[in-house]
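Chain naming here is simple, since letters A, B, ... match the order of the sequence lines and numbering starts at 1 in each.
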Number of protein chains: 2
Amino acid sequence: MPAPFDLESFLPYRLNRAAELISLSFAREYKQRYQITRPEWRTLAALGSVGRMTATQVGVHSNMHKTKVSRAVHALEQRRWLKRAEDDADRRIEHLELSVLGQKAYREIAALARAYQESLEQTLGQGAIGRIEAGLADVEQALLAGARKGH
Amino acid sequence: MPAPFDLESFLPYRLNRAAELISLSFAREYKQRYQITRPEWRTLAALGSVGRMTATQVGVHSNMHKTKVSRAVHALEQRRWLKRAEDDADRRIEHLELSVLGQKAYREIAALARAYQESLEQTLGQGAIGRIEAGLADVEQALLAGARKGH
DNA sequence: AATCGACGGTTACAATTGCAACCAATTCGA
DNA sequence: TCGAATTGGTTGCAATTGTAACCGTCGATT
């Protein structure tokens, strides 16, 4: 007799459900106000938070497919929130950077994000979010380590 | 001077990244072998784990959009993994149930899922996954409670 | 019992997405 | 040093997805 399978305690299922819920919940805060999509916000956030990066690095950082990143970058460029700069040594590479306008937008949406998370932390209690994130870090590390070995 | 915003500790971003990573990682286990999509697996899992449910209930349980559920149900029905049964009292409602074939498929994929999670728990240490899930449950509860009040 | 709003579920259509193929540039290896 | 394999990034196309509109049914109000 096999061990029972409880979907409610299956991590991929649980993570998906929670991620979808919280993402949509927060997206409501900026979708209307800034006319920006989810991939665009993630790209903006990555560049604003980390600083100058290439498209590939943005993709790794936020775990987005490279075509998704490519399109988000294009959209942000149209909006003049982002500038591309070529690399001196390798002409395939494009360094991405937020424009002054982009930085302004980033700061504003980041303020929304901060407020959102602060409010959540209020109701969850101090440190609760940090503990989840520590757990997630371990999970990601385990998965990425496993992937390299071809599991 | 505003508090700094660190994307790495922003919960929606972190949850999305982790969820995407683990979902794709596990999807590799069944996509090939069973020719089944992510929404189909989630629906199968919900019905297999919880038992007879309506489409709406499946959607709530797995936090999937109702059209996604509708299409997944249709696909599973084509495959003869699922049966519909009308409700005696309310003719709008359809009760969904796995067929014998569907139950068999569910048991097989559930076994994969169990193995997957066990292996993960091995590397993370006993109880690590449970702690994350407890945290997620709190988050979900907070968000759903907030949504009802119109936040 | 007729009307209106809500509900469960499906579908048409448009937008978003991922895969695969591609281009240009670079690195590797014989 | 030349060709093959690899890399950063884009694009065409097909598949997936969400929005909105819809159908049939139900419940409440009158």
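- Put simply, CD1 on B:I36 is 17 Å from C1' on D:dA15, counting in whole angstrom units.
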Every protein N/O within reach of nucleotides 2-7 of chain D N/O, cut-off under 3.5 Å:
residue	atom	partner	partner atom	Å
D:dT7	O2	A:R92	NH1	2.6

Atom pairs under 3.5 Å: protein N/O with N/O of nucleotides 12-14 of chain D:
residue	atom	partner	partner atom	Å
D:dG12	O6	A:R71	NH2	3.0

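- Around atom CZ of A:R80, no more than 12 heavy atoms belonging to other residues, nucleotides or ligands sit under 6.0 Å away.
- Under the 4.5 Å side-chain heavy-atom criterion for ILVMFWY residues, no single connected hydrophobic cluster contains both B:V60 and B:L47.
- Listed by first and then second residue, the side chain to side chain donor-acceptor pair (under 3.5 Å) pairs involving residues 93-103 of chain A are A:R84-A:E94, A:D87-A:H95 (not counting sequence neighbours).
- Judged by distance alone, the side chain of A:Q57 and the main-chain N or O of A:T54 form a donor-acceptor pair under 3.5 Å.
- Legend: residues meeting ring pair (Phe, Tyr, Trp, His ring centres under 6.0 Å) with B:Y106, ordered by chain and number and at least two apart, are absent.
- Contact check, B:R84 against C:dT10: a side-chain N or O comes under 4.0 Å of OP1 or OP2.
- At C:dT10, one or more side-chain N or O atoms of B:S70 fall inside 4.0 Å of OP1 or OP2 (strictly under the cut-off).
- A salt bridge links B:R79 with B:E40: the closest approach of a Lys/Arg side-chain nitrogen to an acidic carboxylate oxygen falls below 4.0 angstrom.
- The CG-P distance, from B:L96 to C:dT10, rounds to 8 Å in whole Å.
- Rounding to whole angstrom units, CG of residue B:N63 and C1' of D:dT17 are separated by 15 Å.
- Of the possible donor and acceptor atoms, one in the side chain of B:S23 sits under 3.5 Å from a partner among the backbone N and O of B:A19.
- Interface residues of residues 45-62 of chain A facing DNA chain D, ordered by number: A:T54, A:A55, A:T56; criterion, heavy-atom separation under 4.0 Å.
- One interatomic measurement links the two molecules: NZ of A:K31 to P of C:dA15, which rounds to 15 Å at whole-angstrom precision.
- For A:R91 and D:dT10, the CZ to P distance is 16 Å, given to the nearest whole Å.
- Map A:P39 and A:A89 each onto its nearest nucleotide of DNA chain C; the residue landing nearer the 5' end is A:P39.
- A ring-ring contact (aromatic ring centres under 6.0 Å, His included) check over residues 62-89 of chain B, counting only residues at least two apart or in different chains, returns nothing.
- Protein atom CG of B:D87 is 15 Å distant from nucleotide atom C1' of D:dG24, rounded to whole Å.
- Salt-bridge formation is detected for the pair A:E108/A:K104: a Lys NZ or Arg NE/NH1/NH2 atom is positioned less than 4.0 Å from an Asp or Glu carboxylate oxygen.
- A salt bridge links A:E8 and A:R17; the closest N-O separation between the charged side-chain nitrogens and carboxylate oxygens is under 4.0 Å.
- Between the A:E29 side chain and the A:L112 main chain, no donor and acceptor come within less than 3.5 Å of each other.
- Across all strands, A:K68 comes closer than 4.0 Å only to sugar-phosphate atoms, never to a base (heavy-atom distances).
- Between the side chains of A:S25 and A:Y116, at least one donor N or O lies within less than 3.5 Å of an accepting N or O.
- In this structure, the NZ atom of B:K66 is 9 Å from the C1' atom of C:dT10, given to the nearest Å.
- OP1 or OP2 of D:dT19 has at least one side-chain nitrogen or oxygen of B:H65 nearer than 4.0 Å.
- Regarding B:L82, its CG atom lies at a distance of 12 Å from the P atom of C:dG9, rounded to whole Å.
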